[in-house]
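Source: prediction; values computed, not measured. Proteins get letters first, then strands, A, B, ... in listed order; numbering begins at 1 in each.
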Amino acid sequence: MDTQLAWLCLIFPLIGVLLTPILARISTQVMNFGAVFFSFLTAVMAVMMLPLLFSVERLPLESTFVWLHTPIQVSFGVLLDPLSIIVANVVAVISFFIMVYCVGYMKGDPGIMRFWMLMNAFIGSMLLLVLANNLIIIFIGWKLVGLCSYGLIGFYYRDEKQYWIGGPAPYKFDVPSACGVKAFIVTSVGDMLMLGGILIIYFYAGTFNVLELYQTAPEWIPTMAATPGMIILVSILLIAGPVGKSAQFPLHEWLPEAMSGPGPVSALIHAATMVKSGVFLIARFIPIFYYGYWMGGVEEAMYFFIIVAWIGAITAFLAASQGLVATELKKILAFSTVSQIGFMMLALGVAGFAQDILVKGYMAGTFHLISHAVFKACLFLCAGTVIHAAHSIYITDMGAMRKYLPYTWIFMGLATLSLIGVPPLPGFWSKEAVLMVTLESHHYALFTIAVVTVVFTAFYSTRYFAMMFHGRASVHINKETRKPHHHVGEGYFPQTFACGALAVGIVVLGLFGPMVEHSLYGLFNYKLVEGLGLSTVTHVPDFSTLLVVAFSVGGVLIGVVPAYLLYYSRTWDANAIYENSRIVRMVHTFLWNRWYINSFYNLVFVSGFMAIARAVAFRIEVLVDGLIQRILPAGVYGLSRFSVWFDQKGIDGVLDGTAHHVQNSAGGTLSRVQSGKIQEYLALAVIIALIISGLVWLI
Amino acid sequence: MSVMTIYHLVAIFLLCLGIFGIAYRRTLIGIVLGIELILNGAGLSIMASAQLTPAPNELGQVGALLVMGIAAAEATLLLAILLVVSRRFKNVEARNLITMRG
Amino acid sequence: MMPSTILLQIIFVPALAALLILLFRFQLGKKSGWLAVLSLVYTMVLLLMALFHIHGGDPIQENYQILQNPDISVTLIADGLSIAVALICNLLCLALGTYSIKYIYHRIEVLYPETLGNKGETSYYACFFYLFLFFPVGFMGVSFASDLVLMYFFLEVLTLFLFFLMAYFGYYERVWVAVMCLIWGIFSALFFLAAVAIIYSQTGSFQFDQIHTMAGDPLAFWVILLALIGFIAKLAIVPLHVWMPWVHAEHPTCIAGLLAVYANIAAYIVVRMLILPLWDDFQVFGPPIMILAVITMIYGSLLTLAQTDMKRIPACSTISQSAYSMLGIGALTAASIEGGLFFFLSHIMGKTVFFSTCGIVVYMTHIRNLKYLGGLGAKMPITAILFLCGGLMLAGIPPFSSFAAEVVMFAGIFERGDTLGLVVGIIGLMAILLTISYAVHFTRKIFFGPLPEKLAKNNHIKDPPWSMLAPLILIILVSAFLGLYPTLVMELFEPVISAAVANM
């Protein structure tokens, strides 16, 4: 029964995709209801798997069908273990609420049928990724998720001006279709490298099945380690996939541009699901590399954790710094997502640094995944409502909107506080767990970066919140509210309902935070230590919890207070600071241009490749084509002309000359014998007759 | 030198005269006369051979008559051809009738 | 249940239909297209029957004695590999035949406007179909041939009829391009013939199952080299690829998919003729083929990215896609060869869809230059989706069959275990990235974004009639089916390839 729940989780969204066009023929209402209904069923199926967590000894469960048995073995099945059940629930439940939100947000959109189909397909693919039991099926889910997100990000494919993001003028704008392409290509870079890693592992391990990989690790990891550098190579290849999908450095540039999709799409893809898939996959890989280093004695396996942890830390810092100065609301939230995922990666990375923090790190990463999914989804949905109300994507065009959007103010406020990490909200608990485990790993550099990021997070969160809901109303808002039928107000009921439900989720999760943390710890402890036999050492904390709390709260305060003064109460003047200090201006420009990474990539990869492509097409190809197709035949024609010349002059000449001579010279001479004179003929005849008779007489 | 030899010498003399005439006479009539001479020489030779040898005499006589008859017929033919040729070419000199040169 | 002359029928029924069309062209008129399609449906049914038979276990073999003395007989063999190839080729011929029914009007309108409305038009219309029907004949013949002479014969049939089709119905400079195509086809066929001659001199027979008796012979090296040169020209692998952009771009779009098959079927021939019989002698050729293939993959994709002509885009992309199959085949492990051949099948399906949708755009807008196109998704949504699907089928995105093919193929490449396999495999995967890039890039350029003035005003631009869309949708569904259920194809290949490789 239990694994069937998982299969149903996959089948319901698929049915939803197939039925949507049929339901659309009946009426739009029915179609809306149908699409949401299927996501509801999926969520129910996922929730029904939760009780399994309480009888954790029965996990993992598996059910498979054979997909390919020759020449490689791939099976198609579901795997239920604590990680997949938890993430599946996060995905399914949050997706359901987002679908409810969409009923209101996408009302009246002409392409709504395509939207529902893509959303359901996306949910199905994401669940496929989470619940699959082998790497190839995970990869299929991975690619399908990428495909659906391409469709959803580029949803407004006609590139109408109202959907452009970027800017404001004079800065460049980005059109939705280009953003979709960018997302797809950048994530594909990671995907392809990951596929290489998966296939190399298959060569050594002979299996794609996740459980089998864990269990047979003692056999194949040493073989792989025999080739120097192979494990590092495979680590890099495997990490590339999550780096791409979760928008970590250096493949992080697609996420800010992905904001061109409809609001709920950003919520779904960039908060709750797709970007979490990278974290999920890293969590899946951890037991393998942990085994390799700590129990297999393979030195190189540590690189996996080092790379993950450092990428996480760098990305967290990088993105948070970019969020400090951004003016597009959704871009700030995008940077925030990238940064928070960096935290999760950091936690998962440090989990392998020491034997006593494996479970803690694993738990911290997963817990932050859960809490971030909930509050970020809420943030994006509320942002969608606000953007729609304010008719602008820039926070500089908003201001003092609290009185128009009271409910959204509450929901967004709760979510923002969670993001900042204010107790007792879940963001605090999860962030504290991450910081704790980083400190415990004794990598103080990572810890410092993490704390600085906390400061940045607090700053930019307060900044955007204050600029949106407090302070003075901007010129734009004043203009909008003066219009006769302005809709600077709450959205439709489904929207408010969805945001509210998520906000309630935030609060509940926060209140039960420590309990959740503890039970997660127990779950993963069972899974990793007892289930998989990974040896750990009992954890004795070197640092007191209070120290970490102090750092965390301290960081929050350092971030919140200046932002409060700058943007909320307007005691300090942001513009004045900017104008007066050259350093501030320089830093601002640097951060505004996203550390020039985006422009660098555009130059080197986009323009570079197009230039190479043009060089190939218009220089090399023309050259080779000309050589083979023009010069060679020209050579052949030249040869044939020589042959013709020879034929005419040489051969024909000889023949004609001979004939001429035979005709004229010899013939001329011989023809003079015939003179026409009778007497000569007669005389000749007589003489010859005499001669012949003489001869006859003699002989 | 027997009598027959003298007769034969005369016949050869006539033959040579005739050949000379065929080769050298300017007009066609001259060529015809030469042909007659040849024929007569041949007739003389036959007569002489028949009379002065143990062969029957009548053979020679008949032979001579035959030759004369043939000569007459041939002369007729030649004169007819001459007539046609002279009308055709308006000319009776042999050296002018050279349309069949090669 | 299965007729005993099934293979013969599969090969010759289309030829018969062609004859009927030729003889009765004025009576049939516009229906000659449907007659062609009907004959291909019939062969399709026969092929499916054969598939079930072969899937059950035993290959089909038919022997026809032509002369007693000297002993000349024709044997046709269908095993798992050939039936898969034949089935997909026939499917594509069927789909393209249906697609062409409407498309050819457009070509005749453009090329021979003076014949419109009178007998000349019917004549040209029928001409296309009786030339077209020899393509399935050729493909089926190549798939089922059991000896080299027969295979050569059918290859030449393909080249010849391609020449005529191109000369009559092509685009710019069609006669020059047709002649070029013919010369290249003959060039590769001559090298093939040279190899055949050497094989005959050494083994005394033209049969495929006798080729292995010359394994180990030093001449085997020359056989493989000569044949490979011919096939490199045929597959359009750098540096002998220069004919492909011209021919593939300037030929009538309705046979585009068939041209891709024509080029790629050489991959099938390489496996049948060279790799399976002469395994050990082939080992030395593996690495050079892999390197050439990977260079071609990158070169072809870059070439495609730079194109601005609607029809040259898929043309140049064929260059890189053929190289994928060769990469798999060159890696010389059972999985990579099977993956490579499966990719060949997926590529021809994807290329048919991709090219045919380009053809639809050209057919509707009469514009070939990308500069003037854009935003067509608003007017032709179904075409846009089909184009995107075609691009994804080429790029190896699940759920299409090219993904399964890619996975199997690269698993096989890494299975080699040596550094070359590793390096080439990773570079190959990155080259696939280039394919993905141009697939989405061109979808965006053509179908997304704002609609230019001129196109917005044109009321003739809309989704094409169902006879043009339905076959493409069919192909996409087949590809998705094979992608979700790749065991079907792999089980067909297994007795032929894996079993043979395992014995080496």
Side-chain angles (χ1 to χ4, degrees), chain A residues 66-72 74 76 114 136 139-144 146-147 150-151 154 157-161 175-178 180-181 184-185 188-189 191-193 195-196 198-203 230 233 237 609-618 620-621 624-629 633, chain C residues 180 238-243 245-246 299 301-307 316 333-335 338-339 375 377-378 392 397-399 403-404 406-408 410-415 417 422 425-426 429-430 432-434 436-437 440-441 443-444 447-451 485-487 490-491 493-494 497-498:
Chain A
V66 172
W67 192 60
L68 257 186
H69 63 89
T70 170
I72 58 177
V74 182
F76 182 80
R114 180 168 48 106
I136 292 292
F139 189 78
I140 292 183
W142 194 268
K143 268 303 222 221
L144 285 174
L147 191 64
Y150 160 71
Y157 66 87
R158 299 218 207 153
D159 294 347
E160 292 104 332
K161 206 138 192 257
V175 291
S177 58
V181 167
F184 198 54
I185 295 181
S188 294
V189 172
D191 297 348
M192 285 298 137
L193 292 172
L195 185 62
I198 293 177
L199 291 174
I200 295 178
I201 288 187
Y202 179 75
F203 170 57
M230 181 60 80
L233 177 68
L237 291 176
F609 264 92
M610 289 308 282
I612 296 178
R614 271 194 293 275
V616 163
F618 300 125
I620 303 182
E621 177 72 10
V624 179
D625 185 59
L627 212 71
I628 301 184
Q629 306 263 64
Chain C
M180 185 211 303
V238 168
L240 297 175
H241 66 285
V242 285
W243 60 279
W246 289 105
Y299 184 85
S301 306
L302 286 175
L303 196 61
T304 319
L305 265 176
Q307 297 303 323
C316 296
T333 55
E338 289 184 13
L392 296 178
I397 308 278
F403 171 72
E406 203 177 84
V407 166
V408 173
F410 279 97
I413 293 177
F414 287 120
E415 215 175 283
L422 200 65
I426 295 181
L429 283 171
M430 292 315 283
I432 294 182
L433 182 66
L434 285 172
I436 298 179
S437 316
V440 286
H441 174 73
T443 312
R444 180 174 160 242
F447 293 103
F448 297 156
L451 201 57
Y485 190 50
T487 329
M490 288 295 143
E491 274 175 7
F493 286 172
E494 193 212 339
I497 302 181
S498 305

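- Comparing F403(C), F447(C), W243(C) by how many heavy-atom pairs each has under 4.5 Å with chain A, the most go to F403(C).
- Both the backbone and the side chain of I140(A) come within less than 4.5 Å of a heavy atom of chain C.
- Atoms CD1 and CG, on I612(A) and L305(C) in that order, are 10.5 Å from each other to the nearest 0.5 Å.
- Counting heavy-atom pairs under 4.5 Å between each of L451(C), V440(C), I432(C) and chain A puts V440(C) at the top.
- Neither the backbone nor the side chain of I413(C) comes within less than 4.5 Å of any heavy atom in chain A.
- In terms of heavy atoms, F618(A) sits closest to A306(C) at CZ-O, 4.0 Å.
- For V407(C) against I136(A), the heavy-atom pair with the smallest separation is CG1-CD1, 3.6 Å.
- When each of V181(A), V74(A), I198(A), L193(A) is checked for heavy-atom pairs under 4.5 Å with chain C, V181(A) comes out on top.
- The residue among S177(A), A615(A), G154(A), G196(A) with the most heavy atom pairs within less than 4.5 Å of chain C is S177(A).
- Among R114(A), R158(A), K143(A), the residue making the largest number of heavy-atom pairs under 4.5 Å with chain C is R158(A).
- Contact of P486(C) with chain A is made through backbone and side chain together, with heavy-atom distances under 4.5 Å.
- With sequence neighbours excluded, no residue satisfies salt bridge (charged side-chain N to carboxylate O under 4.0 Å, His left out) with D159(A).
- Using cut-offs of 30° and 60° on the angle between ring planes, the pair F448(C) and Y157(A) is tilted.
- In this structure, the side-chain contact (heavy atoms from CB on, under 4.5 Å) partners of F203(A), at least two apart in sequence or on a different chain, are E415(C).
- Looking at L434(C), only its side chain comes within 4.5 Å of chain A, counting heavy atoms on both sides.
- Looking at L422(C), the atoms closer than 4.5 Å to chain A (heavy atoms on both sides) all sit in the side chain, from C-beta outward.
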Task: Chi angles and distances behind the side chain to side chain contact (heavy atoms under 4.5 Å, CB included) call for R444(C), V175(A) - done: CA-CA 11 Å; R444(C) 180 174 160 242; V175(A) 291; 3.7 Å; yes
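- The minimum heavy-atom distance between L144(A) and P398(C), with the atom names listed, is CD2-O, 3.3 Å.
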